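Because the structure is predicted, anything quoted here is derived from the model rather than measured. Quick note: numbers below take in every heavy atom, side chains included, and nothing from hydrogens, waters or symmetry partners.
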Amino acid sequence: RGLGYSVAAKEARCRAAVLSMQTLVPVAWALAKMGVRSDTFFDAVVAEVCRRPAECSCQDLSNALWAVVSVGRESNPFVLTVVRSLGGRVPELDPAGVVMVAWGLSQARLWDRDCAGRGKGQVA
């Protein structure tokens, strides 16, 4: 991961930062659906959702969760941001959105190191 990678990563973050969430998230969903695996791009999506969750609709949050988890770039802060942002808004989701959130949460590889010894993969 030399200088070229650093420049590409910075460029992806900069471009993601200027897009609306209503533009960025559908692009992420479409790329994930097509099987495109760009760590740099999806890491930028994660950063933007964590930075600007209030700009996301419930549909944006469910689509972002599905896309990021399906390419394996999820993190505890990202998933917690999505869950907290959805809060009591889950009824706003259409049935497909509910399924995407449920699938994303079931597939996310999250571990709380403090509770790893207390059970099989429990997250406190």
Nearest heavy-atom pair of Leu93 and Ser62: which atoms, and what distance? CD2-OG, 3.8 Å
For the residue pair Arg73 and Val46, what are the closest heavy atoms and their distance? O-CG2, 3.7 Å
Give me each pair satisfying salt bridge (Lys or Arg N to Asp or Glu O under 4.0 Å) with a member in residues 53-72, each pair once, sequence neighbours excluded. Arg52-Glu55
Kindly compute the distance separating [atom1] ([X]) from [atom2] ([Y]), expressed to the nearest 0.5 Å.
X     : Y      : atom1 : atom2 : answer
Gln22 : Gln59  : CD    : CD    : 11.5 Å
Glu48 : Leu24  : CD    : CG    : 7.0 Å
Asn76 : Arg109 : CG    : CZ    : 11.5 Å

With a 4.5 Å heavy-atom cut-off, do [X] and [Y] have their side chains touching?
X     : Y     : value
Trp29 : Val45 : no
Val27 : Leu19 : no
Arg15 : Phe41 : no

For [X], side chain to side chain contact (heavy atoms under 4.5 Å, CB included) partners two or more places apart:
X      : value
Ala108 : Val69, Glu74, Val79, Leu110
Ala64  : Val25, Val49, Phe78
Ala67  : Ala28, Ala32, Phe42
Val99  : none

Between Leu31 and Val18, is there shared hydrophobic-cluster membership here, with clusters defined by ILVMFWY side-chain heavy atoms closer than 4.5 Å? no
Name all residues meeting the side-chain hydrogen bond (donor to acceptor under 3.5 Å, both in side chains) criterion together with Ser38; count only those two or more places apart in sequence or in a different chain, and write none if there are none. none
Qualifying residues under side-chain hydrogen bond (donor to acceptor under 3.5 Å, both in side chains), relative to Ser75, sequence neighbours excluded: none
Which atom pairs, donor and acceptor, lie under 3.5 Å between side-chain atoms of residues 80-92 and protein residues at least two apart or in another chain?
| residue | atom | partner | partner atom | Å |
| --- | --- | --- | --- | --- |
| Thr81 | OG1 | Pro77 | O | 2.8 |
| Ser85 | OG | Thr81 | O | 2.8 |
| Arg89 | NH1 | Ser85 | O | 3.3 |
| Arg89 | NH2 | Cys56 | O | 3.4 |

